[in-house]
Amino acid sequence: MSEVLIVAEQVDSHVSKPALELLTLARRLGDPAAVVFGEIDETVAKTLGEYGATRVLFAADSALADYLVAPKAEALAQIAASVEPVAILISSTPEGKEIAGRLAVKLQSGLITDATDITADGVTTQSVFAGNWTVTASVTHGVPVVTLKPNAITPELAPTEPAVAQVEVTISDVAKTARIVSSEPKQSSGRPELTEAAVVVSGGRGTGGDFAAIEELADQLGGAVGASRAAVDAGWYPYAYQIGQTGKTVSPQLYIAAGISGAIQHRAGMQTSKAIVAVNKDAEAPIFALADLGVVGDLHKVLEGVISEIKKRRM
Amino acid sequence: MKIVVLAKHVPDATGERGFASDGTVDRASSAGLLSELDEYAVEQALQIADDHDDVEVVIISVGPPAAADAIKRALQMGASAAIHISDEAIHGSDALASSLVLAEAVKKAAPDLVICGMASTDGTMGVIPAMIAERLGWPAATLGATLSVSEDRLTIRRDTDVASVTIEAPMPAIVSVTDQSGEARYPSMKGILAAKKKPVESWTLADLGIEQTAVGLDAAWSKVLQTTPRPPKEPGRLVVDQDGTGSVAVVEFLTTGKYV
């Protein structure tokens with residue numbers, strides 16, 4: 001059977017969840033061969049195998065980590081030349097998309113980004129214009145290069161024993177120019193990853209900068225905290241938690257928007273949530289048009305009431 | 001120093017957006033404007049011009065005649081000149097063809113630095129800066145929350161989920177900046193008046209040495225099969241909070257949905 005290349009991102013020597021999603025989708029198109037950048041340990045290969053990778057190829061050139069994406073795109077193009085895959089699937093992260101764009105130029109391939117699904121025939125589904133339209137498309141030239149949005153599907157097990165091999169890659173000087181000179185790790189919030197959480201509680205301008213109730217409700221529900229751009233621009237919450245067109249796209253089981261009016265830019269990041277609850281003091285806020293339940297009122301009062309009731313029930 | 005800012009004219013995101021019968025973005029039935037995310041790129045270029053001597057900021061925009069509006073806005077903000085690349089054959093181009101046109105335009109304009117927004121607000125792919133860099137063999141330092149330049153080098157800071165990363169690259173180079181890079185200025189009355197006298201050059205594919213058949217819908221390497229509007233959402237329940245009725249309604253919703 002023909003092979004499908006997927007790029008598997010490692011985070012702290014673990015396989016990222018989006019990589020498992022890619023493997024699950026890749027199996028529809030062929031035998032998944034996972035490419036990993038950097039040294040790997042046994043557990044990484046084993047996890048990739050559990051989700052159906054028949055081959056694990058890793059490249060360990062130091063340039064892959066020292067520079068922005070150009071070396072990774074070069075390495076991947078070289079691997080693609082030897083594997084001759086029927087498609088290449090990459091996660092729709094900022095880095096993944098740039099690798100995909102460069103790869104499409106190198107391989108003279110059609111490119112589709114931000115797909116939420118792909119069929120066995122390579123037909124992709126995308127949610128566009130802030131989630132207001134659904135587009136299906138396919139690549140018509142070259143080896144299709146497709147990036148897929150994280151968390152659009154649930155990874156499925158398909159255990160195999162992958163053949164693991166290191167591949168030699170040659171990184172050109174042209175690719176070694178945008179150099180990463182330092183990296184300051186950020187403190188973890190201890191909450192679930194925003195784009196993977198089943199529940200997201202978000203605060204906006206209406207919080208007035210006080211996120212205590214937002215955080216507490218999120219913790220009570222085992223959820224993640226998000227913020228609107230207005231709240232981030234005001235300096236009330238870090239950019240990493242921004243939901244919307246220029247931040248994260250989330251699609252949780254439950255999205256609670258507190259003090260968020262629901263500008264189109266915000267809706268772009270949360271419109272596909274399964275259930276939406278909105279609390280806003282302005283009855284005319286556009287967010288209510290999306291909400292399964294809307295509460296017109298003071299968000300601090302409403303959320304505090306909800307938190308105390310949940311706590312009472314748990315006692 | 002010569003800085004090129006790539007600016008796109010897009011349908012207004014707050015209006016109704018949709019598709020034309022050929023599957024391309026409908027640019028005719030709604031008002032267009034300079035992509036909000038490109039305003040940040042213009043702003044960063046103007047800040048460099050404010051802080052350094054002899055900086056020229058040139059806007060390059062590819063688009064139909066209506067794209068002149070986006071160019072005008074950037075000139076009103078303070079850019080020095082613009083190049084409008086317009087050619088009917090470009091209609092329907094994919095990211096590959098668009099990056100080809102832009103890469104050739106950058107080559108011809110020969111700047112020291114190209115600044116882009118993080119993505120367009122219509123296509124939202126965010127791949128064009130990387131693809132131009134790939135074609136030109138230039139460094140690309142993308143998604144900068146800050147940007148600073150010295151004589152022949154630039155530095156950006158990129159905020160990822162897990163780290164704050166500093167990236168350096170020699171120039172000429174291409175960068176993209178995020179909406180965290182600093183609020184874009186509004187055109188002043190002086191800027192609006194001055195913009196009327198600023199030079200706008202018109203380039204076609206022929207000026208860039210690109211064959212008409214290399215771009216456009218027929219040359220696209222991906223094809224839109226179907227476009228479907230999202231069905232309108234059933235109206236939900238609206239509760240006006242009075243003495244805790246709002247909290248009760250939320251708790252009920254959470255209980256019914258088994259979230260608690």
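Only this structure's heavy atoms are used, side chains among them; waters, hydrogens and symmetry mates stay out. Lettering follows sequence order; numbering is per chain, from 1.
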### Task
Can you tell which part of E95(A) gets under 4.5 Å to a heavy atom of chain B, answering side chain, backbone, both or neither?
neither
### Message
Given heavy-atom pairs under 4.5 angstrom as the criterion, report whether the side chain, backbone, both or neither of I132(B) touches chain A.
### Response
neither
### Message
Quick check on D159(B) against chain A: is it the side chain, the backbone, both or neither that has a heavy atom closer than 4.5 Å?
### Response
both
### Contacting moiety of I128(B), where chain A heavy atoms sit under 4.5 Å
neither
### Query
Judged by modelled atom types alone, do S182(A) and T166(B) share a side-chain donor-acceptor pair under 3.5 Å?
yes
### Task
Can you tell which part of L143(B) gets under 4.5 Å to a heavy atom of chain A, answering side chain, backbone, both or neither?
side chain
### Short N-O contact, R229(A) and D179(B), less than 4.0 angstrom
yes
#### Entry: Flag side-chain contact, heavy atom, 4.5 Å: Q226(B) against V135(A)
no
### Message
Does any backbone or side-chain atom of V181(A) lie under 4.5 Å from a heavy atom of chain B? Answer side chain, backbone, both or neither.
### Response
both
#### Entry: Modelled atom types, side-chain donor and acceptor of E98(A) and T142(B), under 3.5 Å
yes
### Message
For D161(B), is there an ion pair with K248(A) - N to carboxylate O distance below 4.0 angstrom?
### Response
yes
#### Entry: V239(B) side chain near L293(A) side chain, heavy-atom distance below 4.5 Å
yes
### Task
Would you confirm whether R102(A), through its side chain, and R135(B), through its main-chain N or O, come within 3.5 Å as a donor-acceptor pair?
no
### Summary
Among A145(B), G123(B), P231(B), G18(B), the residue with the most heavy-atom pairs under 4.5 Å to chain A is G18(B)
### Query
Checking heavy atoms, do the side chain of V277(A), its backbone, both or neither come under 4.5 Å from chain B?
side chain
### Task
Answer yes or no: is there a side-chain heavy-atom contact under 4.5 Å between L254(A) and F253(B)?
yes
### Query
With a 4.5 angstrom heavy-atom cut-off, which part of T195(A) approaches chain B: side chain, backbone, both or neither?
neither
### Query
For A220(B), is it the side chain, the backbone, both or neither that has a heavy atom under 4.5 Å from a heavy atom of chain A?
backbone
### Message
Check this for me, if you would: do K233(B) and D292(A) make a salt bridge, where the nitrogen-to-carboxylate-oxygen distance has to be below 4.0 angstrom?
### Response
yes
### Query
Does any donor atom in the side chain of T255(B) or R313(A) lie under 3.5 Å from an acceptor atom in the other side chain?
yes
### Task
Measure up the H141(A) and W221(B) rings against each other and bin them: parallel (under 30°), tilted (30 to 60°), perpendicular (over 60°).
parallel
### Message
Does this structure show an ion pair linking E184(A) with R158(B), if we count only N-O contacts that are shorter than 4.0 Å?
### Response
no
#### Entry: M125(B) vs T147(A) side-chain heavy atoms within contact, under 4.5 Å
no
### Query
Going by heavy atoms in the side chains, are D233(A) and Q180(B) under 4.5 Å from each other?
yes
